[in-house]
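What you see below is based on every heavy atom in this structure, not just the backbone, and it leaves out hydrogens, waters and symmetry mates.
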Amino acid sequence: MTAAAQAAFLDGDLERAGALAHDAEEAARRAGDQVSRCDALALTSAVLWHQGRPGEGVAAAEQAAALADTLPPRLGGGVQMPHITLAMNLGLAGRAAEAFAAFQTAMERGEQANNVFV
């Protein structure tokens, strides 16, 4: 379900992407799938960032980042992307120091996972 939300996001259909990401997060929560839940929350944050809704984006990203911090770094992008989307939303909200710290966390977790993307 998150893949469909990501496809809608990449197509620029932010409304559909947001709705699908919400549905994916709910399904992952019911299934106890923390990795998929983390991915869905990070995508929700990215959608909100692109919609110019940084306050809501920060809230979604904070949930995703908190969840990501309970997961092993070796899982790759899924546990670093929440920190990246958190940083983007914090930056958009004018909270530069916090944004920088979130990017630093993403880079540290990326290094632990040998993730060159981050």
Side-chain angles (χ1 to χ4, degrees):
M1 196 176 301
T2 303
Q6 290 171 334
F9 177 76
L10 293 174
D11 284 343
D13 189 348
L14 298 178
E15 293 299 320
R16 184 165 185 261
L20 289 169
H22 178 267
D23 292 347
E25 194 269 327
E26 289 292 320
R29 181 190 333 231
R30 285 191 304 274
D33 181 349
Q34 300 295 58
V35 174
S36 294
R37 185 167 176 237
C38 185
D39 289 344
L41 285 166
L43 182 56
T44 296
S45 176
V47 167
L48 292 165
W49 175 64
H50 283 277
Q51 289 176 328
R53 298 162 56 190
E56 295 167 80
V58 166
E62 286 175 335
Q63 290 178 52
L67 182 56
D69 289 344
T70 69
L71 302 171
R74 66 177 161 63
L75 293 175
V79 297
Q80 290 111 42
M81 288 307 296
H83 294 285
I84 292 171
T85 58
L86 176 58
M88 287 187 234
N89 278 287
L90 288 166
L92 188 61
R95 295 163 60 183
E98 293 170 271
F100 181 76
F103 273 124
Q104 286 294 113
T105 300
M107 291 187 330
E108 290 166 8
R109 291 188 62 91
E111 287 174 4
Q112 292 169 357
N114 294 320
N115 184 336
V116 295
F117 170 77
V118 175

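R95 is linked by a salt bridge (Lys or Arg N to Asp or Glu O under 4.0 Å) to E98, counting only residues two or more places apart in sequence or in another chain.
Remark: E26 CD to R29 CZ distance equals 4.5 Å, nearest 0.5 Å. Note that OG1 of T2 is 12.0 Å distant from CZ of R37, once rounded to the nearest 0.5 Å.
For H50, the NE2 atom sits in a packed shell: over 12 heavy atoms of surrounding residues, nucleotides or ligands are nearer than 6.0 Å.
Contact detail for A24 and M1: the closest heavy-atom pair is N-SD, 3.4 Å. When all heavy atoms are compared, the tightest approach of A5 to A21 is CB-N, 3.6 Å. Closest non-hydrogen pair, S36 versus D33, comes out as OG-OD2, 2.7 Å. The two residues A102 and L90 have their closest heavy-atom pair at CB-CD1, 4.4 Å. Considering all non-hydrogen atoms of both residues, C38 and P82 come closest at SG-CG, 3.5 Å.
Side-chain contact between Q51 and E15: present, with at least one pair of heavy atoms (C-beta onward) separated by less than 4.5 Å. Looking only at side-chain heavy atoms (C-beta outward), W49 and T85 stay at 4.5 Å or farther from each other. Residues S45 and N89 are in side-chain contact: their nearest non-hydrogen atoms beyond the backbone lie under 4.5 Å apart.
A side-chain contact (heavy atoms from CB on, under 4.5 Å) with L43 holds for exactly one of E25, M81, Q6; it is Q6.
Among residues at least two apart or in separate chains, salt bridge (Lys or Arg N to Asp or Glu O under 4.0 Å) pairs with a member in residues 42-58 are R53-E56.
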